[in-house]
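Following: one structure in structure tokens, then a few remarks.
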Amino acid sequence: MENPYAPGAGTEPYRLPGRAEAQVWWRRCLTDIEGLGHTTMRGRAFTGVRGVGKTALLRYFEREAGTRGFGVASVQAGGADSVRAYLTDVISGLQRPEPSFTDKHGQIVELGVRVGPVEVGAARDLPDEPPGPPLEIAFFNLISATASAFAARRRGLVVLVDEAQDCDLPSLVSLCRVQHQLRRPAFQLVLAGLPELEDAIDEAITHSDRLFEYRELGNLDRDATREALLEPAAVHGVGWTDDAVDFVIELSEGYPSFVQEYGFAIWEALGSRREIDLDLARAGAEQARLNVARQYRSVWRSVTPAGRDYLTALAAVGGEARTAAVADALGRRPSELTMTLKMLKDRGAVRVPQRGSVAFSRPGMDAWVRDEQG
């Protein structure tokens, strides 16, 4: 049987458990454009550490919009080309007909033939390239015209930007200004990225809170984690025992990437059996530990030496603690560690459960750090 669990970056788990609010919001966006001819919603920025399903959610948005006949331009920021240049090319292709031979190669205006020895010559009148408006104005005009063309048939234009914290500043400014200046548009903009995305948007434009709704994607609750484990298996006629489900819930703490990682490994150990019990869950989870450790190591390598010192101290005080307790462990004042803590949060290494406290963003990483640094 095909493994129904989907570990790995950007993979889309079965039915996106725990993301119902975002799915309902998206269907509302599309329905408003279909029924009213324009959106009533602000843009939305989804933030969260790696592994919580931001890319999978954008893929759901893309598929849903495409199925309903919307124009979709999707990009992952951080590549060699600017986001604006990439989107310009994609959006232009949504409405532009395929250029004719004459458009691409020019019109033949003179033809000469000599018989012996044979010689053929031709002169072409190449199409002129008129100077265009400045890039930002041209980008705005392109989106406005394309959205209007889709609106004429009660559809709209959707722009989705993943890893948006890596978006080059000129492109992010252009996107924010489009979001600000379009009036009653058949257009919806969605950004997704690490927690530092909020700072990047604030740098690109003021009053960003009037342009975007911010939503942080976090761990799944117990019910959503149960759904993520049980539903994919049930489709294949396989069940779970209660203690096996509880074991994975406790082990993963609802971190979506780990739920899929453990589910995948447990399924691989299933063989021809039709039920996953506690012994099988433990055996499969043990096989998944290597991939889980790779994720810990990736986080460790992504932070600065000062950040590693902070993570080591956080692990020493239990993995979740008051920031003052971590500062004490380092022999520093909390105010001296503000920038280090911000860097760790922006990189998705830690989360802030409540004001004045800090915790590892991935369950079990405190034990891994203690083992590695012990």
Side-chain angles (χ1 to χ4, degrees), residues 1-28 46 48-64 67 192 215-296 351 353 359-365 367:
M1 290 182 290
E2 180 181 355
N3 197 313
Y5 300 98
T11 55
E12 189 174 337
Y14 185 76
R15 290 189 181 174
L16 292 177
R19 303 301 181 227
E21 187 275 338
Q23 292 172 300
V24 170
W25 170 82
W26 185 243
R27 291 194 292 270
R28 160 84 185 275
F46 291 94
V49 301
R50 298 202 185 281
V52 294
K54 301 182 297 296
T55 300
L57 187 60
L58 289 191
R59 288 183 176 171
Y60 167 82
F61 290 168
E62 181 176 5
R63 186 177 64 253
E64 186 77 8
T67 299
R215 292 291 186 275
E216 183 175 2
L217 298 181
N219 290 358
L220 307 177
D221 62 21
R222 291 186 67 89
D223 288 342
T225 306
R226 289 181 67 86
E227 180 185 341
L229 294 171
L230 295 178
E231 285 199 356
V235 170
H236 294 275
V238 173
W240 286 68
T241 62
D242 286 337
D243 54 358
V245 173
D246 289 340
F247 170 75
V248 177
I249 289 175
E250 297 301 323
L251 191 62
S252 67
E253 296 182 23
Y255 178 56
S257 178
F258 286 1
V259 173
Q260 297 299 317
E261 198 73 65
Y262 288 126
F264 185 90
I266 291 167
W267 188 271
E268 290 296 292
L270 179 65
S272 60
R273 285 168 283 189
R274 310 302 296 180
E275 184 177 69
I276 297 169
D277 60 17
L278 181 57
D279 289 340
L280 182 60
R282 285 174 171 160
E286 188 61 34
Q287 294 300 312
R289 292 188 188 279
L290 182 60
N291 287 335
V292 168
R294 287 196 186 101
Q295 293 196 41
Y296 297 148
R351 57 188 177 87
F360 281 96
S361 61
R362 289 161 177 79
M365 188 169 174

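Start at 1 with the first residue, then count along the sequence.
When all heavy atoms of Leu278 and Ala244 are compared, the closest pair comes out as N-CB, 3.8 Å. Closest heavy-atom contact between Ser252 and Thr225: OG-CG2, 4.2 Å. Closest approach of Ile276 to Leu270, counting heavy atoms only: CG1-CD1, 3.9 Å. When all heavy atoms of Gly284 and Ala269 are compared, the closest pair comes out as CA-CB, 4.5 Å. Residue Leu251 comes nearest to Ala285 through the heavy atom pair CD2-CB, 3.7 Å, listed as atom of the first residue, atom of the second, then distance. Smallest separation of non-hydrogen atoms from Val49 and Ser361: CG1-CB, 3.7 Å.
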- Can you check side chain to side chain contact (heavy atoms under 4.5 Å, CB included) on Phe61 and Phe46, steps first, answer last? CA-CA 12 Å; Phe61 290 168; Phe46 291 94; 3.7 Å; yes
- I would like to know whether Arg289 and Glu286 meet salt bridge (charged side-chain N to carboxylate O under 4.0 Å, His left out); could you show each step before the answer? CA-CA 5 Å; Arg289 292 188 188 279; Glu286 188 61 34; 3.0 Å; yes
- Item | Test side chain to side chain contact (heavy atoms under 4.5 Å, CB included) applied to Asn291 and Arg294, step by step | CA-CA 5 Å; Asn291 287 335; Arg294 287 196 186 101; 2.4 Å; yes
- Task: Evaluate side chain to side chain contact (heavy atoms under 4.5 Å, CB included) for Leu16 paired with Glu227, printing each intermediate quantity in order.
- Result: CA-CA 9 Å; Leu16 292 177; Glu227 180 185 341; over 6 Å; no
- Step-by-step side-chain hydrogen bond (donor to acceptor under 3.5 Å, both in side chains) determination, Glu268 to Asn3: CA-CA 7 Å; Glu268 290 296 292; Asn3 197 313; 2.9 Å; yes
- Please lay out, stage by stage, how Glu231 and Arg15 fare under the test salt bridge (charged side-chain N to carboxylate O under 4.0 Å, His left out). CA-CA 9 Å; Glu231 285 199 356; Arg15 290 189 181 174; 3.5 Å; yes
- Message: Please evaluate residues Ser257 and Gln295 with respect to the criterion side-chain hydrogen bond (donor to acceptor under 3.5 Å, both in side chains), reporting the C-alpha separation (whole Å), side-chain torsions for both, the decisive distance (0.1 Å), and the verdict.
- Response: CA-CA 10 Å; Ser257 178; Gln295 293 196 41; 3.0 Å; yes
- Can Trp267 and Val238 be said to form a side chain to side chain contact (heavy atoms under 4.5 Å, CB included), step by step? CA-CA 10 Å; Trp267 188 271; Val238 173; 3.6 Å; yes
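For residues 239-260, the ring pair (Phe, Tyr, Trp, His ring centres under 6.0 Å) pairs, not counting sequence neighbours, are Tyr255-Phe258, Phe258-Tyr296. The list of salt bridge (charged side-chain N to carboxylate O under 4.0 Å, His left out) pairs with a residue in residues 48-57, not counting sequence neighbours, reads Arg50-Glu163.
Taking 4.5 Å as the limit, every side-chain heavy atom of Val259 sits out of range of all side-chain heavy atoms of Tyr5. Residues Asp246 and Arg226 are in side-chain contact: their nearest non-hydrogen atoms beyond the backbone lie under 4.5 Å apart. With a 4.5 Å cut-off on side-chain heavy atoms, Glu64 and Thr67 do not count as touching. Between Pro4 and Val235, the closest side-chain pair of non-hydrogen atoms is not below 4.5 Å.
Under the 4.0 Å criterion applied to side-chain N and carboxylate O atoms, Glu12 and Arg63 are assigned as salt-bridge partners. A salt bridge links Arg222 with Glu250: the closest approach of a Lys/Arg side-chain nitrogen to an acidic carboxylate oxygen falls below 4.0 angstrom.
Atoms CH2 and CG, from Trp26 and Leu57 in turn, are 9.5 Å apart once rounded to the nearest 0.5 Å. Atom CG of Leu220 sits about 5.5 Å away from atom CZ of Arg19, to the nearest 0.5 Å.
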